[in-house]
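In what follows, chains carry the letters A, B, and so on, assigned in the order in which the sequence lines appear, proteins first and then strands, with residues in each chain numbered from 1.
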Amino acid sequence: MSALVKSSAKKRCKIHISRLISNFHTNIQIVQQLQNTNNLNSLVSNHTIVLKSGFSNDTFISNHLINSYIRLHKTEDAHRVFDEMSDRNVVTWTALMSGYINIRQPKSALKLFEQMPRSIIFPNPFTFATAINACSYLSDIGTGRKTHSHIVVSGFHSNLVVCTSLINMYGKSNYVDDSRRVFDSMENKNVVSWTSMISVYAQNARGEEALLLFREYINSKSYEPNQFLLSSVINACASLAKLVTGKVTHSAVIRHGYDTNEVVASSLIDMYAKCGLFDYSLKIFRRIPNPGLIPYTSVIVGAAKYGLGRFSLDLFEEMLEKGIRPNDVTFLGVLHACSHSGLIDTGLQYLNSMYETHGIIPDSKHYICAVDMLGRTGRLDEACQLAKFVPPEVKDIEILWGSLLSSSRTYGRLDIAVEAGERLIEMNQHLATAYVTMSNTSASVGNWENAYRLRSEMNKSGINKEPGSSWVELRDKVYVFYAGNVKSCARGDEVVNLLKELEVRMKERGYVRGRKGLVFVDVEDEVEEMVLGLHSEKLALGFGLLSIPEGAAIRVIKNLRMCLDCHEFFKAISKIVERDIIVRDVNRFHHFIDGSCTCNDFW
DNA sequence: CTTACGGGCG
């Protein structure tokens with residue numbers, strides 16, 4: 001009797017185990033199949049198998065199902081699985097959140113994050129990293145800070161990935177020092193966290209600090225930098241136009257074999273173009289086996305900025321022929337190319353084709369470029385027409401009207417100047433500029449009464465124009481210039497004399513002064529314009545030893561490049577500081593391009 | 001068990 005019971009128990013047990021084993025087996029199989037699905041058809045059939053085999057109540061399997069949909073960017077379908085689940089765990093919620101981030105809907109991710117605690121499911125470090133990531137995409141510093149305190153309260157503030165996501169979040173909202181605070185608080189760091197901090201500096205125009213931190217990394221860590229880190233460092237070099245440092249980093253890229261990586265190559269293309277060596281940019285570009293959108297866009301933008309407008313357009317057409325689809329940035333390069341080569345109608349055609357044939361909606365930057373292009377060549381009626389066409393709620397619209405105001409002044413179009421000025425005043429933007437320019441325009445057409453009225457209106461309302469300033473950094477000394485007062489700078493006279501000399505040479509080559517032309521005649525406003533032009537980021541001239549702000553290059557070089565080549569310009573500028581320049585053996589660095597140089601003791 | 005962080009051009 002007892003033996004019978006024992007035997008039947010044994011039998012039941014055996015059946016039970018074998019069923020378990022077979023269940024376990026299919027379970028593993030289903031998970032493996034789900035993990036390997038890379039197309040929707042097989043996923044749908046696997047989904048059917050899950051439903052038929054009764055595994056749809058299994059949280060673990062359903063989570064895998066959600067992940068499979070997310071990998072295929074079918075977040076809606078993932079959400080449907082989510083809705084049908086009876087037992088969701090923290091992984092279910094986190095996976096769906098990251099699914100929404102994948103399809104560029106960070107707001108939906110944050111919505112889920114908010115709803116989660118109501119189901120008595122609490123976030124883990126994965127969830128927090130995902131939520132912070134959503135805040136980064138949205139530049140939502142408010143939610144970001146709130147979530148940060150939530151992280152601290154939950155005790156996850158030492159988690160490496162969570163900290164890294166916080167560094168990025170603060171950086172994307174331009175709170176660079178908060179990023180650094182998180183970075184310094186970390187007990188353990190990896191390449192990703194170092195890369196994040198370095199790129200936060202690079203993306204916030206703090207290239208010097210980026211390079212300083214990179215040096216620290218090289219000195220303190222035994223691991224080699226990877227392609228992510230190197231492209232951030234090259235980006236920092238580009239914004240500072242540190243050609244020598246850039247070349248040394250390029251040699252590191254070659255040594256590690258990242259020179260055909262699209263993003264690394266693109267950052268190099270950009271770096272050389274900003275340093276005035278577009279030949280190198282092109283050489284790097286041509287070495288990429290099958291260049292895609294990113295390298296094409298970089299080289300198109302680089303060529304356009306360098307002044308090779310037609311060549312830039314050739315590259316664009318080449319890209320289209322290869323079937324590579326351009327994006328909004330590519331078109332910005334194309335419009336710049338047209339603008340700087342005087343191909344106005346071609347530019348307008350391209351602007352038109354953006355939506356018509358490529359489905360890309362132009363944003364304010366494209367319109368600003370087009371209005372600028374029309375305005376600088378005196379086609380003010382069209383410029384004004386286009387400006388009116390742009391919806392007034394568009395971001396940065398004031399720049400557009402500011403540009404129109406400035407060009408209508410150059411061409412003495414009081415009617416348009418007044419219209420643009422009034423728009424600016426309505427928008428409460430660039431008030432001083434609007435008043436001053438409107439007043440000057442009235443004066444220039446002899447309407448003194450109006451000129452005087454505008455000036456006094458401006459004074460009455462207490463609007464003051466802050467003097468624009470700019471600086472030239474030469475090795476360890478900074479020279480500051482204030483608008484309308486060149487003498488306030490230690491060697492301001494030398495700068496003005498040099499610019500005058502350059503203007504003479506430009507005229508020799510047939511340059512006709514237009515709007516935003518180099519203006520070094522003795523008119524206060526125009527000196528101001530010139531000095532204001534020397535603003536924003538730095539562009540080094542003369543092998544990384546002499547730098548002037550990038551805005552300078554942009555405005556100054558825009559004109560200069562039409563008649564002087566870059567090297568000539570660099571040489572000319574370097575006259576200002578002849579004594580400060582150390583002549584370097586440039587040829588030594590040419591080897592970097594070919595990878596034969598092993599100069600790695602630079603850091 | 002499954003879920004998380006970094007690079008480019010504007």
Participant: Over how many whole Å does the gap from A/Lys172 atom NZ to B/dC5 atom C1' extend?
Facilitator: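 In whole Å, B/dC5 C1' and A/Lys172 NZ are 11 Å from each other.
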
Participant: Out of B/dC5, B/dA4, B/dG10, which has the shortest distance to the side chain of A/Val192?
Facilitator: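 Minimum distance to the A/Val192 side chain belongs to B/dC5.
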
Participant: Which nucleotide wins on minimum distance to the side chain of A/Asn63, given the candidates B/dC9, B/dG6, B/dT2?
Facilitator: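 Within the option list, the nearest is B/dT2.
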
Participant: Taking atom types as modelled, find out whether A/Ser165 and A/Asn168 have a side-chain donor-acceptor pair closer than 3.5 angstrom.
Facilitator: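 A/Ser165 vs A/Asn168: no donor-acceptor pair found between side chains.
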
Participant: Just compare B/dG6, B/dT3, B/dG7 and give me whichever is closest to any side-chain atom of A/Asn261.
Facilitator: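 So the side chain of A/Asn261 is nearest to B/dG7.
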
Participant: Can you identify which nucleotide, out of B/dG8, B/dT3, B/dC9, has its nearest atom closest to the A/Val301 side chain?
Facilitator: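 Looking only at heavy atoms from C-beta outward on A/Val301, the closest nucleotide is B/dC9.
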
Participant: From C-beta outward on A/Leu332, which listed nucleotide comes closest to its side chain: B/dT3, B/dA4, B/dG10?
Facilitator: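 The closest nucleotide is B/dG10.
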
Participant: Are a donor atom and an acceptor atom from the side chains of A/Ser267 and A/Asp270 found within less than 3.5 Å of each other?
Facilitator: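 The answer is no; no qualifying pair exists.
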
Participant: Contacts to DNA chain B from residues 108-116 of chain A, heavy-atom cutoff under 4.0 Å, which residues?
Facilitator: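 DNA chain B contact set from residues 108-116 of chain A: none.
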
Participant: Nearest-Å distance, CG (A/Leu96) to P (B/dA4)?
Facilitator: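 Rounding to the nearest Å, CG of A/Leu96 and P of B/dA4 are 12 Å apart.
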
Participant: Can you measure A/Leu229 atom CG to B/dG7 atom P for me and round it to whole angstrom units?
Facilitator: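 Value for this atom pair: 11 Å.
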
Participant: Taking the six-membered ring for Trp and the full ring for Phe, Tyr or His, determine whether the centres of A/Phe156 and A/His150 are under 6.0 Å apart.
Facilitator: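 Centroid distance A/Phe156-A/His150: not below 6.0 Å, so no.
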
Participant: Tell me: CH2 of A/Trp194 to P of B/dG6, nearest whole Å?
Facilitator: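 The distance from CH2 of A/Trp194 to P of B/dG6 comes to 18 Å, rounded to the nearest Å.
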
Participant: When you compare the side chains of A/Asp363 and A/His366, does any donor N or O come within less than 3.5 Å of an acceptor on the partner?
Facilitator: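 The criterion, which ignores hydrogens and geometry beyond distance, is satisfied for A/His366 and A/Asp363.
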
Participant: Write down the distance between CD (A/Gln203) and C1' (B/dG7), rounded to a whole number of angstrom.
Facilitator: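 It works out to 8 Å between those atoms.
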
Participant: Report yes if at least one side-chain N or O of A/Asn133 is closer than 4.0 Å to OP1 or OP2 of B/dC5; otherwise report no.
Facilitator: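 Yes.
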
Participant: Choosing from B/dG10, B/dT3, B/dG7, which nucleotide comes nearest the side chain of A/Val329?
Facilitator: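 For the A/Val329 side chain, the nearest candidate turns out to be B/dG10.
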
Participant: Touch check for A/Lys189, heavy atoms < 4.0 angstrom, all strands: base, sugar-phosphate only, or nothing?
Facilitator: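 The residue A/Lys189 makes no contact with any strand.
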
Participant: Heavy atoms from C-beta onward define the side chain here; which of B/dG7, B/dG10, B/dT3 lies closest to that of A/Ser231?
Facilitator: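 The listed nucleotide nearest to A/Ser231's side chain is B/dG7.
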
Participant: With ring-ring contact (aromatic ring centres under 6.0 Å, His included) as the test, would you mind laying out the steps for A/Phe316 and A/Tyr296 before giving the verdict?
Facilitator: CA-CA 8 Å; A/Phe316 179 65; A/Tyr296 261 109; 9.3 Å; no

Participant: Select one nucleotide: of B/dT2, B/dG6, B/dA4, the one nearest the side-chain heavy atoms of A/Asn67.
Facilitator: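 So the side chain of A/Asn67 is nearest to B/dT2.
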
Participant: Taking the side chain of A/Thr130 as heavy atoms from C-beta outward, which of B/dG7, B/dG6, B/dA4 is closest to it?
Facilitator: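 Nearest to the side-chain atoms of A/Thr130, counting from C-beta on, is B/dA4.
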
Participant: In whole angstroms, how far is the P atom of B/dC9 from the CG atom of A/Leu293?
Facilitator: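 Those two atoms, CG and P, are 13 Å apart.
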
Participant: Determine: side-chain N/O of A/Lys274 to OP1/OP2 of B/dG10, distance under 4.0 Å, yes or no.
Facilitator: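 Indeed, a polar side-chain atom of A/Lys274 lies that close.
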
Participant: Rounding to an integer number of Å, can you tell me how far A/Met186 CE sits from B/dG6 C1'?
Facilitator: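 Result: 11 Å.
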
Participant: What's A/Gln32 touching, base or sugar-phosphate or nothing? Going by heavy atoms closer than 4.0 Å.
Facilitator: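 Since no nucleic acid heavy atom lies under 4.0 Å of A/Gln32, the category is nothing.
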
Participant: Taking ring-ring contact (aromatic ring centres under 6.0 Å, His included) as the cut-off, I'd like each qualifying pair that reaches into residues 171-193 of chain A, sequence neighbours left out, listed once.
Facilitator: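 Matches after skipping sequence neighbours: A/Phe183-A/Trp194.
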
Participant: Measure up the A/Phe311 and A/Phe278 rings against each other and bin them: parallel (under 30°), tilted (30 to 60°), perpendicular (over 60°).
Facilitator: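 Plane angle over 60°, so perpendicular.
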
Participant: By nearest atom, which of the nucleotides B/dT2, B/dA4, B/dC5 is closest to the A/Ser98 side chain?
Facilitator: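 The listed nucleotide nearest to A/Ser98's side chain is B/dA4.
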
Participant: Is it the case that A/Ser136 and A/Asn133 place a side-chain donor and acceptor less than 3.5 Å from each other?
Facilitator: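 No, because no side-chain N or O of A/Ser136 sits under 3.5 Å from a partner of the opposite role on A/Asn133.
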
Participant: Examine B/dC9: is either OP1 or OP2 under 4.0 Å from a nitrogen or oxygen in the side chain of A/Lys305? Give yes or no.
Facilitator: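 For B/dC9, OP1/OP2 do not have a side-chain N/O of A/Lys305 under 4.0 Å.
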
Participant: Give a yes/no answer on whether the side chain of A/Gln227 brings an N or O atom under 4.0 Å of OP1 or OP2 in B/dG6.
Facilitator: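 Looking at the OP1 and OP2 atoms of B/dG6, neither is under 4.0 Å from any side-chain N or O of A/Gln227.
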
Participant: Heavy atoms under 4.0 Å, any strand shown: does A/Ser298 hit a base, just sugar-phosphate, or nothing?
Facilitator: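 Sugar-phosphate, no base atom in range.
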
Participant: Roughly how many Å is it from OH in A/Tyr201 to C1' in B/dG6, rounded to a whole number?
Facilitator: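 It works out to 16 Å between those atoms.
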
Participant: Can you find a side chain N or O atom of A/Asn235 that sits less than 4.0 Å from OP1 or OP2 on B/dC9?
Facilitator: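 Yes, A/Asn235 has a side-chain N/O under 4.0 Å of OP1/OP2 on B/dC9.
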
Participant: At under 4.0 Å between heavy atoms, what does A/Val264 touch on the DNA or RNA strands: base, sugar-phosphate, or nothing?
Facilitator: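 Result for A/Val264 = base.
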
Participant: When you check the side-chain N and O atoms of A/Tyr69 and A/Arg80, is any donor under 3.5 Å from an acceptor?
Facilitator: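 A/Tyr69 vs A/Arg80: no donor-acceptor pair found between side chains.
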
